[in-house]
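Reckoned from all heavy atoms, side chains included, excluding hydrogens, waters and symmetry mates. Both ligands and their constituent atoms are indexed starting at 1 by order of listing.
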Amino acid sequence: MQIASLFHPGRPVLSFEIFPPKGDLSLPRAQEVLQRLSPLSPDFVSVTCSAGGGGNSERTLDIAAEAQRSFGLTALAHQTCAGFTRDQVAQNIARLRASGVQNVLALRGDAANAGAPLAYVHASELILTLHDAGLCVGAACYPEGHIACDTLTGDLLHMKEKEDAGASFFISQLFFENDIFFRFLDSARAAGLRAPICAGVMPILSKSQISRMIFLCGASLPAAVVRLLNRYEADEASLRSAGIDMAAEQVLGLLSAGVDGVHLYTMNHPDIAERELAYLKGRGYVRA
Ligand code: FAD
């Protein structure tokens, strides 16, 4: 199933993101996660790719293939420019074809070390290659602008280049205030972007997780989040619980506003997805 065909007006696409476990953990751990995500019927599950050479880039494709083969899920395999040569990208395209995974999220990635290969300088070049290979290609977008881009307008131009290169849908970086995303949608449409744009939502699980993410991606932290972090500073379990509820409220607001899709950064915690969906159900939301 090509993800581009899943988008229909009035029926937001719901997806979850998992990442390949690091170190010695491997497919069995991912299978456990997929086993619990599958009954929640996501429209697709995306599997991240380590641009930093974390030793798990092999597993991205294995896990994506496993999600489809054993769990009947539609998989989206992430592919970065960083950490790969062009030959390796070509090999991955062949592996995707062989395993029946038709969808790729094309990213530049951030190389962890200066000597790492960089198959292409910008994601748009990778998108062109993957699109020419007949794959359904998605790309990243940034409601507050990419951290390395000086202006949102400049970033939108690069987003448009990605669409022109063949990206048929976008998934956004995390943000905490829906109004930021709604303003971004208006700007993207005004800049001529037509592809569906999924809102990326990351529940707050701990103070260290959020500090790390904010530092990496530059998303702004609203007062409500700061208050939450302060209130539960000494109580991680309560912070996690309140963080998941806060994300669920955010998702509810996005769905009520009729967004194209919501992409939940569930990481490798299936309970996040379970609780989010239970919360939505409890608030009377029924998936079309
Ligand atoms: P690009 O689109 O290439 O943009 C990078 C920067 O270059 C931006 O500032 C852009 O404005 C600028 N730019 C683009 N084109 C041009 C041009 N022609 N001239 C000048 N400047 C240009 N990282 C991983 O390592 N693995 C993952 O699995 C992963 N998954 C992600 C999933 C999502 C949904 C998101 C939002 C991000 C993900 N990332 C992942 C992080 C991503 O790799 C970083 O944000 C990276 O810094 C940028 O990737 P990009 O694909 O947006 O790059």
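With hydrogens and angles disregarded, no donor-acceptor distance shorter than 3.5 Å links the side chain of Ser172 to the backbone of Cys141. At least one donor-acceptor pair under 3.5 Å links the side chain of Asp155 to the backbone N or O of His146.
Here the shortest heavy-atom distance to atom 3 (O) of ligand 1, taken over Ala123, Ser124, Gly138, Ser172, belongs to Ala123. Considering only non-hydrogen atoms, atom 39 (N) of ligand 1 lies nearest to Leu107 out of Asp150, Leu107, Leu152. Compare His122, Met159, Arg108, His158 by their heavy atoms: the one nearest to atom 51 (O) of ligand 1 is in Arg108.
Side-chain polar atoms of Glu144 and Ser220 form a donor-acceptor pair below 3.5 angstrom. With no hydrogens or angles considered, no side-chain donor-acceptor pair links Thr151 and Thr153 at under 3.5 Å. Counted by atom type alone, His78 and Thr48 present zero donor-acceptor pairs between their side chains at under 3.5 Å.
By the 4.0 Å heavy-atom criterion, Cys49 is counted among the residues contacting ligand 1. Residue Phe170 places no heavy atom under 4.0 Å from ligand 1. For the ligand labelled ligand 1, residue Phe19 lies outside the 4.0 Å heavy-atom shell.
In this structure, Tyr120 has its ring center at least 6.0 angstrom away from the ring center of His122.
At a 4.0 Å heavy-atom cut-off, ligand 1 touches Tyr265 through the side chain alone. Of the heavy atoms in His263, none comes closer than 4.0 Å to ligand 1. Contacts with ligand 1 closer than 4.0 Å are made by side-chain heavy atoms of Leu105 only, the backbone lying farther away.
Atoms of ligand 1 found under 4.0 Å from any heavy atom of His78, numbered from 1 in the order shown, are 27 (C), 28 (O), 29 (C), 30 (N), 32 (C). Close approach to Thr48 involves these atoms of ligand 1, each under 4.0 Å from a residue heavy atom: 28 (O). Residue-ligand proximity, Gln173 to ligand 1, at heavy-atom distances under 4.0 Å covers atoms 36 (C). Heavy-atom contacts of His146 reach the following atoms of ligand 1: 6 (C), 8 (C), 9 (O), 45 (O), 46 (C), 47 (O), 48 (C) (cutoff under 4.0 Å). Residue contact check: Thr80 has heavy atoms under 4.0 Å from atoms 24 (C), 25 (O), 26 (N) of ligand 1. Ligand 1 places these atoms under 4.0 Å from at least one heavy atom of Ile171: 34 (C). For ligand 1, the atoms sitting less than 4.0 Å from at least one non-hydrogen atom of Ala140 are 35 (C), 36 (C), 52 (O), numbered in the order shown with element in parentheses. Counting the atoms of ligand 1 from 1 in the order shown, those under 4.0 Å from a heavy atom of Gly109 are 25 (O), 43 (O), 49 (O).
We find that Arg95 and Asp62 are joined by a salt bridge, their nearest charged nitrogen and carboxylate oxygen being less than 4.0 Å apart. A salt bridge does not link Arg283 to Asp245: none of the charged side-chain nitrogens sits closer than 4.0 Å to a carboxylate oxygen.
Residue-environment remark: CD (Glu249) exceeds the threshold of 12 foreign heavy atoms within 6.0 Å.
Relative orientation of the Phe184 and Phe181 rings is tilted, given thresholds of 30° and 60° on the angle between their planes.
Taking 4.5 Å as the limit, every side-chain heavy atom of Asn92 sits out of range of all side-chain heavy atoms of Thr60.
The shortest N or O to N or O distance between Asp155 and ligand 1 is under 3.5 Å.
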